[in-house]
Protein chains: 2
Amino acid sequence: MLIPMDPHLLRTFTAVARTGSFSAAAQELGYTQSAVSQQIAALEADLGMPLLTRRPVGTTEAGTRLLEHAEPLLLRLAAVRTELRRLVAAPSARLAVGLTPLADSGALAAALARLRVEQPLLRVTVETTDAAAALAALATDGLDLALVDGIAAPTDPLRLPEADQPPTAALAVSEEPLVLVLPPGHPLAHRAALRLADLADARWLDAPEAAVPLAALRAAARTDGFHPHLAYRGTDPHALTALVAAGHGLAVLPRRCAAPALAAVPVGEPRLLHRTELRHPRHPAAAVTRLLDLLD
Amino acid sequence: MLIPMDPHLLRTFTAVARTGSFSAAAQELGYTQSAVSQQIAALEADLGMPLLTRRPVGTTEAGTRLLEHAEPLLLRLAAVRTELRRLVAAPSARLAVGLTPLADSGALAAALARLRVEQPLLRVTVETTDAAAALAALATDGLDLALVDGIAAPTDPLRLPEADQPPTAALAVSEEPLVLVLPPGHPLAHRAALRLADLADARWLDAPEAAVPLAALRAAARTDGFHPHLAYRGTDPHALTALVAAGHGLAVLPRRCAAPALAAVPVGEPRLLHRTELRHPRHPAAAVTRLLDLLD
DNA sequence: GTCAATTACGATTATCGTAACAATG
DNA sequence: CATTGTTACGATAATCGTAATTGAC
């Protein structure tokens, strides 16, 4: 097996590439400028090729490639340490739960309530995040449990942006149909069902945190299209409802999330479901195990 | 970010864990016994917990966890180096292709023939492997191209055992129906179609290299069952045919592979296809790019 | 000329090998 | 007592910081 390259150098390299400066990277990592320079030189010598351009600092072709691998590599390295520390640490009286905005949190909330009766001293925190951040936080001990959502064909597990994390365990929580939400007077509002592919050229609301992201629709319909007509950054369902009602564009939601003020038409063909999954580290803390029991 | 643990130590740790001996690991890695002992001690001190038991040498709970992560981590580290070396190396006059036994190689073979006319000096090698080994070889420059197969729902990409490799690019090559092969006189031989779930308790042939692996059927039907009645290790279709004809058990094959001597019944419900995909590094060598052009 | 990266160099630290030691079966 | 892992210790090499130097705008 080849001699592995030094993760210290890799970390320094990512810092330089990210900040675009040797000095800034040095400050960030607590080195001197000189040390950073030497580390980069050592990495370039080790790999036998230039990785960065100087003045201005930027990544070469090879550097770009290396960067693609270095980040997940370092993340996983940190995750391993975290997992092992969690193994020996006293079972913390903490349960940190992450939720994605559209996840169906009903069953989990109920189970959490029961758990708190059993273990009143447990410090429970709940926060909303996005799926990628939640999975990273699971790996680095920021979260103990993540309730994530997405769309998938009826029997498929969710495809989440796992980057290069250690694998997590998944538990399906709920499935529900997807609907297209429209202004009440919209010509399509009275259709019994709609095909996703036929809607590729409609006016779409780009609301990745408040509705199913357009990228997911593109992937499901296997087309380009679904171009954003107006972007909404935020998670507020009322804001989304107002934007749709005002005709700024369409959105796809799990049926549970469709506001009564809007028309909602089921999306059939391809047959897609909105799924909510509970993800946790493969070797979860005791509180997580107990919570999973309570979910049944 | 945490200080990453040293891959040298990780590599030494995996060697000790694998060989079950400090001395054997030392010999394998070209160290002295003493150095290995010091490296393990350093790793244990770094992580703050024992990783190995001594006399006999074995992994502790924490060591087992670490091992699960260390192997993919080291593999990926090696893969990065390979990818970068490939980037600057002179375009090699080599094209190494890996095939899984059931992959549909017709189109690829034809394209390869055309390529060899264009580039007679190109050294082409073809070998059969399994999917996991092929993907690992793509990462470490053992292969330039892998033709892999598997079963999946109609529009799904294949789910391959990627371990923790850098991602590869995929190109769908062919799809075909799956059939159940039976002895000609079998009671089920004249059915128009069969449901997979109804067959979970039949007598199955466990022939992971010559037919669809039973594990894949279990995953597709989402049941236990499909217990092996007789195991065949090998890739020879004639041997498989003989075993099925003699009534040793059933097998599922892509339709193209079903021998005329056997009865073949389509498998419907769930709707599954046998897919063949071409996988290559995301930044392939020139010969690979040309071959992909010739495939269209 | 100024700002930023590189190089020179000495001090500190890390890591290896040799060899003595300890423990286990 | 033989085998195998650990510890002690000295030699070597790696890596950092200070400070001088080079190079680009």
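If you're wondering where the values come from, they're calculated on a predicted model, not measured in any experiment. Naming: A, B, ... by sequence-line order, numbering from 1 per chain.
- Under 4.0 angstrom from either OP1 or OP2 of D:dG5 there lies no side-chain N or O belonging to B:Ser37.
- In this structure, CG on B:Asp144 lies 10.5 Å from CG on B:Leu291, to the nearest 0.5 angstrom.
- Put simply, the side chain of A:Ser34 and the base of C:dT6 share no donor and acceptor less than 3.5 Å apart.
- Between the P atom of D:dT7 and the CD1 atom of B:Ile40 lies a distance of 13 Å, rounded to the nearest Å.
- In this structure, NE2 of B:His8 is placed 12 Å from C1' of D:dA14, rounded to the nearest angstrom.
- Proximity of B:Gln38 to the phosphate of C:dT15: no side-chain N or O atom is located under 4.0 Å from OP1 or OP2.
- Heavy-atom contacts from other residues, nucleotides or ligands closer than 6.0 Å to CZ of B:Arg123 number 12 or fewer.
- In this structure, CG of B:Asp6 is placed 10 Å from P of D:dT15, rounded to the nearest angstrom.
- In this structure, the CD atom of A:Gln33 is 16 Å from the P atom of D:dT21, given to the nearest Å.
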* Stepwise salt bridge (charged side-chain N to carboxylate O under 4.0 Å, His left out) check, A:Arg85 with A:Asp141 -> CA-CA 10 Å; A:Arg85 197 179 38 222; A:Asp141 211 26; 5.1 Å; no

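- Of the residues in residues 21-31 of chain A, A:Ser21, A:Phe22, A:Ser23 come within less than 4.0 Å of DNA chain C through at least one heavy atom, sorted by number.
- Atom CG in A:Leu77 sits 12.0 Å away from atom CZ in B:Arg76 (nearest 0.5 Å).
- Side-chain proximity of B:Thr32 to the nucleotides D:dC16, C:dT18, C:dT6 is greatest for C:dT18.
- Looking at heavy-atom distances under 4.0 Å, B:Val36 makes no contact with the nucleic acid at all.
- Look at CG on A:Asp46: it is 12 Å from P on D:dA14, rounded to the nearest Å.
- With hydrogens and angles left out, the side-chain atoms of A:Ser34 and A:Gln38 include a donor and acceptor closer than 3.5 Å.
- Each of D:dC16, D:dT4, C:dT6 was ranked by its minimum atom distance to the side chain of A:Arg54; first place goes to C:dT6.
- Within the model, atoms CG of B:Leu67 and CZ of B:Arg18 stand 9.0 Å from one another, a figure rounded to the nearest 0.5 Å.
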* **Intermediate values then yes/no, side chain to side chain donor-acceptor pair (under 3.5 Å), A:Thr82 and A:Thr140** => CA-CA 6 Å; A:Thr82 305; A:Thr140 54; 5.8 Å; no

